[in-house]
Amino acid sequence: MDFLNDLNEAQRQAVESVEGPNMIIAGAGSGKTRVITYRLAFLMQQGLAESFELLALTFTNKAAKEMRERIEKIAGAEAKSIWMGTFHSIFSRILRVHAEKLNYTKDFTIYDSEDSLSLIKSIIKELKYDDKVHKPKSIQAQISRAKNFLIDAEEYKHKYVTDERTEVVSKVFTAYSARCFKANSMDFDDLLVKPLELFAAYPEILHRYQHQFRYIMVDEFQDTNYAQYLITRRLGAVHENICVVGDDAQSIYAFRGATIENILNFKKDYPDVKIHKLEQNYRSTSIIVNAANSIIANNQNQLEKNVFTENEEGDKVKLIVSENELDEARKVVDLIREQKQVNSFFHKDFAILYRTNAQSRSMEDALRKGGIPYRIYGGLSFYRRKEIKDMVAYLRMALNPRDEEALKRIINFPTRGIGPTSMNHLLATAAEWKVSLWEVLENAHKAGFSVMAENAILRFVNMIKGFQGAAQTETAFSAASYIAKHSGLLQEFHSDESMEGRSRWQNVQELLNAINEFTLNPEDKTPTLDSFLAEVALLTDQDEKDKNEDKDTVSLMTLHSAKGLEFNSVFLVGLEEGLFPGMMSIGSREELEEERRLFYVGVTRAMKKLQISYARTRNRFGSFTHNEPSRFIKEIKPTYLQPMSGDMQRNILQKIATTPMPQRRPGVKDPEPAPVGDFVGDDLSNLTNGMRIEHNKFGTGRVLQIEGREEDRKATILFDTKGEKILLLKYAKLRILPDN
DNA sequence: CGCCGGGGGTTCGGA
DNA sequence: ACCCCCGGCG
């Protein structure tokens with residue numbers, strides 16, 4: 001057990017205190033992952049539990065994977081059979097085993113939030129509500145919230161309807177639940193709620209798991225919601241060996257139902273809980289740790305702890321002040337270059353973290369121009385692209401033809417003569433017969449479609465049945481290839497010769513490649529389509545493309561996705577009132593405190609160097625906004641801040657430190673009109689073939705050809721990243737680059 | 001049927 | 001700026 005020697009006293013106690021309820025409050029960078037992995041390895045090596053008797057719930061697939069690998073290193077291959085994964089993946093697995101008990105099939109579909117929103121929109125329309133008054137997104141959020149608190153449609157109807165608004169939510173909620181059920185589909189919330197229903201209805205199933213899971217660990221406990229809390233408590237009720245790990249200072253998911261109450265409830269439910277505090281930070285310099293402490297001290301809601309470090313003092317936090325976001329991005333790039341030189345950092349030592357995905361654009365442009373390799377995490381992930389969702393919809397139909405959202409996507413794509421008229425008739429008939437859309441299609445001859453439509457439907461149904469056959473008998477790859485070809489999807493994208501069409505076709509091919517890889521390396525699963533699909537809905541962009549992981553690139557991501565990661569040098573950009581903290585959160589203390597915790601998460605990602613940055617103006621929602629520096633900048637104790645070189649910037653720093661924060665709502669549009677955008681085009685009358693130019697949107701490129709005269713003068717330009725475009729010079733704003 | 005342009009709303013984060 | 005939705009037209 002010599003691995004225990006790597007631990008400090010608090011860590012070792014947290015590892016060895018395995019019996020009964022335990023709570024580990026783990027400050028940022030305090031070796032939390034190490035404690036969790038050692039604890040699981042310890043349980044196995046002590047002979048206290050077999051690997052399959054351990055349940056470890058993590059927040060992301062990535063965390064699960066990483067921990068599993070680390071345990072394998074200590075405890076060997078046996079670690080493979082630990083039940084380790086996200087709540088959603090573990091319980092979808094369990095639900096598939098017992099699906100029939102809940103009148104689902106094991107091939108039930110998991111609706112992602114897009115699917116569920118689309119269903120809600122459809123229901124609002126069918127119930128003839130005005131979606132301008134009753135916003136689908138808001139109804140979706142309320143339904144989700146209710147479900148997270150284990151309130152079903154029935155209970156909502158009886159206890160929570162108080163006015164017209166909740167009345168509508170209630171009606172939609174009821175219809176939504178029925179439709180999901182009819183479609184043999186579950187949404188993300190169901191993956192947490194249904195296990196509890198299963199356990200309530202079938203105590204013997206609950207007992208089985210209660211006895212099986214001798215030790216339960218829950219990571220990122222501060223980000224669990226009520227349903228997750230209850231699952232944990234139910235499953236742990238027999239052995240009561242539950243260990244929750246978390247940091248209240250890093251709770252950043254209240255917006256989706258996570259509740260800090262869980263930590264308090266845990267203490268209430270298990271009065272004899274042993275509490276461990278990991279307070280020594282091994283990650284960051286003492287300046288960074290202290291700066292982080294000075295920030296979080298502004299929060300009222302927090303557990304008492306004292307995060308400290310014995311690491312070197314390090315550099316002060318650098319404040320970057322810029323005129324606008326382009327300027328900001330350039331400065332970040334310059335600093336990356338400088339630190340690469342001075343500190344011998346690699347590209348992968350850097351992270352640029354922002355509040356909203358939209359902010360990645362300017363950073364991306366600057367990095368590209370500077371020739372610095374980067375990778376963006378998050379944003380529109382592969383599996384959320386249209387063409388991939390289309391392809392996946394076909395695969396879903398092959399396994400679960402009752403899947404209404406998949407059906408709606410593909411029934412007329414590629415076009416096959418089943419238009420809106422037929423679709424409305426289909427929806428109405430399904431409602432009338434109280435069956436799934438698929439059942440109506442199978443019985444189309446009784447449903448009163450036009451002859452044309454009926455024939456088209458017949459062909460569609462036969463096609464899908466063919467796909468079902470392939471899915472049952474063949475490997476995932478061969479079934480998927482068959483489906484891609486015979487659905488007409490590949491043909492459809494292939495015949496689209498635009499850049500976009502080509503990339504869609506390529507993406508579908510890439511999906512097929514991924515399925516092929518899955519078929520060849522099924523790990524411990526069978527390489528059939530259903531096991532592939534079971535994973536897809538729960539994948540996030542963090543999980544895909546692990547192959548690129550060791551590439552030497554700068555990382556760009558939101559603060560939310562940065563949780564759990566660390567980098568030598570971190571840039572926190574866009575520190576402006578209205579952006580971070582966000583406009584919506586300024587009104588309430590709770591929400592502001594969540595933003596502050598998010599800032600704290602960002603600050604504590606940095607190991608050696610931390611830069612925070614704000615721009616005085618920023619192009620947001622299409623127009624320029626003037627912003628005040630974020631209040632969070634002021635909250636860093638000035639002794640930890642580095643005055644920038646140059647008088648102007650020193651003055652700005654003083655201003656931040658001394659002037660009270662104005663109370664007016666930021667983000668107000670600048671009243672001054674033109675010039676719109678600060679991209680000013682050069683005079684293009686001397687533009688000639690071969691010149692290097694820059695376009696605001698398309699980036700840099702080279703002029704291939706110029707034709708036409710005067711008004712009609714057009715240039716064909718090959719852009720470095722966006723391909724060939726023909727621009728009318730009368731309108732195009734081009735900057736002629738000096739390197740001609 | 002599908003493309004295009006106009007208009008309105010967005011307004012963050014993600015398993 | 002972007003996305004979504006809708007209406008008009010080829």
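Here is the naming used below: chain letters follow the sequence lines, and residue numbers restart at 1 for every chain.
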**Q** CG of A:Asn357 versus P of C:dC2: gap in Å, rounded?
**A**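 After rounding, the gap between these two atoms is 14 Å.
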**Q** If we only count heavy atoms from C-beta on, is the A:Glu405 to A:Ser116 side-chain gap below 4.5 Å?
**A**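 Result no, sub-4.5 Å side-chain heavy-atom pair not found.
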**Q** When the nearest nucleotide of DNA chain B is assigned to A:Gly419 and to A:His560 on a heavy-atom basis, which residue is associated with the more 5' position?
**A**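 In this pair, the answer is A:Gly419.
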**Q** Would you mind classifying the nucleic acid contact of A:Pro414 as base, sugar-phosphate or nothing, using non-hydrogen atoms under 4.0 angstrom?
**A**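 Counting heavy atoms under 4.0 Å across all strands, no contact is made by A:Pro414.
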**Q** Nearest whole angstrom, please: distance from the P of C:dC4 to the NZ of A:Lys386.
**A**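 One finds 12 Å between P of C:dC4 and NZ of A:Lys386, rounded.
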**Q** Listed by chain and number, what are the side-chain contact (heavy atoms from CB on, under 4.5 Å) partners of A:Ala393, not counting sequence neighbours?
**A**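 For A:Ala393, the residues satisfying side-chain contact (heavy atoms from CB on, under 4.5 Å) (neighbours in sequence not counted) are A:Ala406, A:Arg409, A:Ile410.
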**Q** A:Lys563 near the nucleic acid: base, sugar-phosphate alone, or nothing, with a heavy-atom cut-off under 4.0 Å?
**A**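 A:Lys563: no heavy atom of the nucleic acid under 4.0 Å.
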**Q** Over how many whole Å does the gap from A:Glu492 atom CD to B:dC1 atom C1' extend?
**A**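 After rounding, the gap between these two atoms is 12 Å.
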**Q** Does A:Phe87 reach a base, just sugar-phosphate, or nothing at all? Heavy atoms under 4.0 Å.
**A**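 The residue A:Phe87 makes no contact with any strand.
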**Q** Distance check needed: B:dA15 P versus A:Tyr253 OH, whole Å only.
**A**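 Answer to the nearest Å: 6 Å.
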**Q** Do the side-chain N or O atoms of A:Ser561 get closer than 4.0 angstrom to the phosphate oxygens (OP1, OP2) of B:dG13?
**A**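 No, no such contact exists.
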**Q** Would you please name every residue forming a ring-ring contact (aromatic ring centres under 6.0 Å, His included) with A:Tyr354, sequence neighbours left out?
**A**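 Listed in chain order: nothing, the list is empty.
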**Q** Using atom CG of A:Asn412 as one end and atom C1' of B:dC1 as the other, report the distance to the nearest whole Å.
**A**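 Those two atoms, CG and C1', are 9 Å apart.
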**Q** The criterion is side-chain contact (heavy atoms from CB on, under 4.5 Å); which residues satisfy it with A:Glu69, sequence neighbours excluded?
**A**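 Per chain and number, A:Glu69 pairs via side-chain contact (heavy atoms from CB on, under 4.5 Å) with A:Lys65.
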**Q** Among all residues two or more places apart in sequence or in another chain, which pass the side-chain contact (heavy atoms from CB on, under 4.5 Å) test with A:Lys125?
**A**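 A:Lys125 satisfies side-chain contact (heavy atoms from CB on, under 4.5 Å) with no residue once adjacent residues are dropped.
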**Q** If you restrict it to nitrogen or oxygen atoms, what contacts under 3.5 Å exist between nucleotides 9-11 of chain B and the protein, and what is each distance?
**A**
unit_1	atom_1	unit_2	atom_2	d
B:dT10	OP1	A:Lys135	NZ	3.1

**Q** Which residues pass the side-chain contact (heavy atoms from CB on, under 4.5 Å) test with A:Ala64, not counting sequence neighbours?
**A**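 Only A:Thr58, A:Met84 meet the side-chain contact (heavy atoms from CB on, under 4.5 Å) criterion with A:Ala64.
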**Q** Grab the OH-P distance between A:Tyr377 and B:dA15 for me, whole Å please.
**A**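 Taking atom P of B:dA15 as the reference, OH of A:Tyr377 is at 14 Å.
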**Q** List for me each residue that meets side-chain hydrogen bond (donor to acceptor under 3.5 Å, both in side chains) alongside A:Ser360, sequence neighbours excluded, and say none if there are none.
**A**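 side-chain hydrogen bond (donor to acceptor under 3.5 Å, both in side chains) check on A:Ser360 returns nothing, list empty.
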**Q** For C:dC2, does OP1 or OP2 lie under 4.0 Å from any side-chain N or O of A:Arg361?
**A**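 The answer is yes; a side-chain N or O of A:Arg361 sits under 4.0 Å from OP1 or OP2.
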**Q** Please classify the nucleic acid contact of A:Phe580 as base, sugar-phosphate, or nothing, using heavy-atom distances under 4.0 Å.
**A**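 Answer is nothing: A:Phe580 stays at 4.0 Å or more from every strand.
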**Q** Tell me whether the NZ or CZ atom of A:Lys563 lies within the 45° cone about the ring axis of A:Phe59 and under 6.0 Å from its centre.
**A**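 That pair qualifies as a cation-pi contact.
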**Q** Closest approach to the side chain of A:Thr356, judged atom by atom: which nucleotide of B:dA15, C:dA1, B:dG13 is it?
**A**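 So the side chain of A:Thr356 is nearest to B:dG13.
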**Q** Between the protein and nucleotides 7-10 of chain C, are there any N/O to N/O pairs under 3.5 Å, and if so, what are the atom names and distances?
**A**
none

**Q** Could you tell me how far apart A:Lys121 (NZ) and C:dC3 (P) are, to the nearest whole angstrom?
**A**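 After rounding, the gap between these two atoms is 13 Å.
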**Q** Would you mind telling me which residue lines up with the more 5' stretch of DNA chain B, A:Ser89 or A:Gly417, judged by nearest nucleotide?
**A**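 The residue whose closest nucleotide sits nearer the 5' end is A:Gly417.
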**Q** Classify the nucleic acid contact of A:Ser113 as base, sugar-phosphate or nothing, counting any heavy atom under 4.0 Å across all strands shown.
**A**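 Here A:Ser113 touches the bases of the nucleic acid.
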**Q** Rounded to the nearest Å, what distance is computed from the CG atom of residue A:Asp365 to the P atom of nucleotide C:dA1?
**A**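 Spelled out: CG on A:Asp365 to P on C:dA1 is 13 Å.
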**Q** Using ring-ring contact (aromatic ring centres under 6.0 Å, His included) as the criterion, list what pairs up with A:Tyr176, not counting sequence neighbours.
**A**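 Here no residue qualifies.
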**Q** So A:Phe580 and A:Phe632, would you call those rings parallel, tilted or perpendicular, with 30° and 60° as cut-offs?
**A**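 If you compare the ring of A:Phe580 with that of A:Phe632, the planes turn out perpendicular.
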